[in-house]
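A, B, ... follow the sequence lines: proteins, then strands. Residue 1 opens every chain. Predicted, not measured: the structure shown is a model, and the values here were computed from it.
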Amino acid sequence: MEQLNHMPTPLMDIPRSYCPGCTHGIIHRLVAEVIEEMDLLQKAIIVLPVGCSTLAVDYFAFDSVQSAHGRAPAVATGVKRALPDRFVMTYQGDGDLASIGAAEMVHAATRGELITTIFVNNGIYGMTGGQMAPTSLMGWKTETSPYGRTAQANGYPIRVSEMLAQLNGPAYIARTDVVSVPGINKTKAAIKKAFTAQIKGLGYSIVEILSTCPTNWGMTPVDALKRVKEETMKYYPLGEFKVAEGL
Amino acid sequence: MGEKLLMKGAEAIGEAAIRAGCRHFFGYPITPQNEAPAYMARRLPEVNGTFLQAESEVAAINMLYGCAAAGKRVITTSSSPGISLMQEGLSYIAGSELPVVVMNVVRGGPGLGDIAPAQGDYFQAVKGGGHGDYHLIVLAPSTVQESIDLMQLAFDLADKYRNPVMMLSDGLLGQMMEAVEFPGFVDIEKLPKKPWAADSMQGKRSRNLVNSFDLLPEGLEVMNKKMWAKYADVEKNEVKFEEVETADAEYIFVAYGTVARIIKTVIKDLRSKGHKVGLIRPITLYPFPKKQLLALAENPRVKFFLDIELSFGQMIEDVKLSTEFKKPVHFYGRQGGMLPEPNEISEVMLKLMKEAK
Amino acid sequence: MAQHELVAAGFGGQGIMMLGKLFAEAGVLEGNYATFLPSYGPAMRGGTANCAIVISNEPIASPVLPHPKVCVVMNLPSLKTFEPLVAPGGILIINSSLIKEKAKRTDIKTIYVPANEIAEKAGMTKAANIVILGIVVKATGAVKVESTKEAIKQTLGEAKAKYLPINLQVLDAGLNFDING
Ligand SMILES: Cc1ncc(C[n+]2csc(CCOP(=O)(O)OP(=O)(O)O)c2C)c(N)n1
Ligand code: SF4
């Protein structure tokens, strides 16, 4: 973070269309920095989801494949099996990964597919305007839970990292945040470890990043960061849930 | 009819479904129809109904399958990519002869496309997007008011023929607001009973089976024939269309949905300049108004048809088949979510008229 | 009654949609047909928003207005986009508080309104859209002043009823603006 003006080469130098205060931008940057630092640019392929980060079709300056909603892990599997020596990653939101794409996510993980997933958990559907996500916390009012999320109507928020940690296939699973400088630094370190797990052929890797969506939370960016610290982190504890030997 | 209200298309279809006796909604968010599930999430609890956001459209359509099998009126709303995911379920629903209503607020495609109004899903809707030999009944409103009016019909047709009904709308109709009037509430108790439903025997009858499966070809053929006898009735009884200024028209536009509205503006303009143009607007896309198109084609006064769509031409195949190639059928379309301007269409028509002379 | 047409455009957050809705709502309150077509989707994020309104006593054919008879522009990008599109003989209403440039066309009537200043003077800084609504009502004669006031009242509802007097004051300030000056 010392060279704030330096745009890592894996990112296109054009303005982003994300909302002010959205954490997708920070996470893009962290991914790009690690790609550059690990010298992966020339062999990297990113599979993009359907969600706000579909906009990243214009942002990453390396080969990108846009996929159907939720299917990124399957698409990435196809890419990786075709080109096993390449570096293959998916970038997915919580609706994309934990709702419509739950099956693909679980099966890529349990196969130990040699891909890495950056999982942006902002607890809501951003792109479509604020509907309930499988990760929305109890009581949260959203477009499709106008009276607040209840166990009776909607069940409970999914803890993806803990769930995947039950499987043998994943080599690295961590949950981090991007709502503070130490959080951002830890996220970067976790991304590095996840990428390393793939390069070393140890198995599937995923970093779940607690994020914000000020627009659809109806909050200022600052209040949104506070909400992650005060609410989200209580339900979704930070930490590493799986670290394969040799990492 | 009550007072006039200014209401968004996607919300109006929600209220219309409730008034048509539907208390169950299952769906998954997708633009440009998110206001429909949001409306239902707020409104259904007020009328003791059930709203559930499914984990995907694949799940949503199968929730409809279950709910309809249990004998309830049920609806989902979605848009093109989501409707694609529902095709497997729709095939099972048609095969099991279940009544459901599905609204497709069509957007630009293929793939992720965009969220602007389009008509590229005509083939999928009308020709059967899932596997096997079946039809959806397809209704195509062109105003928000008509979306409301056709909703009641959609549920009635679904129940009457035990067949899925699709409302084919588009992004413009979903997002615009229009002054509308709602009909009263259907009395759910008075709806026709569904003795075939798998709602448990309750000690009163032998078992019911909801099923699209027969391993024996002889048996499956019987099931298929039964369905197609039903479609023959649908084609005989349920055709709906609108004709505008066709009584003396020499040049006839064919268009459905939003495009037909734009054509009405074009007709006003061309008529004011003395050109005898008219419009036939299919309201049911399946069953298609074949006879009416043929009658126009056989009329010596009619010189040609001009089919206008928001695609590269899908309905035009049905127009050509219906008119039995008796008159030329020309085409003009815009794609990718672009809408043609009235002037643009007028120019196409004027050019064709000149060439025909 | 002829068909009345309005396109309003500006930044998201300037109350463009509200302006359009209130106009359409006033038309509906008089028993007319009305359509309101917003621009929608992610394109609206931070960018410009616009809406098209048609009011008529006959069923409305196309709700799309490629060449509106009346157009409101609340920021410079909207002026650039919409000035060329206004129908010949039409009216272009320009928020001169935020747009310092002049319109180039001579075949349309242009009305320059310092809407932000008028709104501020009338007591509600953020209500430039209501000032413009007053101008639109006056310039088009499409809807009555009473219906416009009723539309504002109904939109505010009971919850925000206390803001009604100030909104009406701002509307009046718009209505009192000399559109030929
Ligand atoms: C099959 C299908 N269903 C629904 C959609 C609509 N859709 C687009 S993005 C999205 C969810 C986005 O939420 P999330 O994955 O949490 O990402 P975010 O936008 O919050 O970053 C949905 C439901 C779609 N494009 N395709
Ligand atoms: S809607 Fe939410 S997730 Fe999407 S760009 Fe805006 S703040 Fe970010």
Given heavy-atom pairs under 4.5 angstrom as the criterion, report whether the side chain, backbone, both or neither of Thr142(A) touches chain B.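 Interface part for Thr142(A): neither.
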
Ala68(A), part contacting chain B, at a heavy-atom distance under 4.5 Å: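 Ala68(A) has no heavy atom closer than 4.5 Å to chain B.
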
With a 4.5 Å limit on heavy-atom distance, are the side chains of Glu55(B) and Ile100(A) in contact?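 Glu55(B) vs Ile100(A): side chains apart.
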
May I ask you to test the Glu143(A)-Asn34(B) pair for a side-chain heavy-atom distance under 4.5 Å?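 Glu143(A) vs Asn34(B): side chains apart.
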
Could you label the plane-to-plane angle of the Tyr28(B) and Tyr125(A) rings as parallel, tilted or perpendicular, counting under 30° as parallel and over 60° as perpendicular?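 It falls in the perpendicular class, over 60°.
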
Heavy-atom cut-off 4.5 Å, strictly under: side chain, backbone, both or neither for Pro32(B) against chain A?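 Neither the backbone nor the side chain of Pro32(B) comes within 4.5 Å of chain A.
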
Would you say [atom1] of [X] has more than 12 non-hydrogen atoms from neighbouring residues, nucleotides or ligands within 6.0 angstrom?
| X | atom1 | result |
| --- | --- | --- |
| Lys226(A) | NZ | no |
| Tyr235(A) | OH | yes |
| Phe241(A) | CZ | yes |
| Lys43(A) | NZ | yes |
| Lys8(B) | NZ | yes |

Shortest non-hydrogen contact from [X] toward [Y]:
| X | Y | answer |
| --- | --- | --- |
| Tyr147(A) | Ala41(B) | CE1-O, 3.6 Å |
| Ser99(A) | Ala54(B) | OG-O, 4.3 Å |
| Gln53(B) | Gln131(A) | OE1-CB, 3.8 Å |

What distance separates Ile30(B) CD1 from Met127(A) CE, expressed to the nearest 0.5 Å?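 Here the interatomic distance stands at 10.5 Å.
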
Would you compute the distance between atom CG of Leu112(B) and atom CG of Leu48(A) and round it to the nearest 0.5 angstrom?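 Answer rounded to 0.5 Å: 11.0 Å.
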
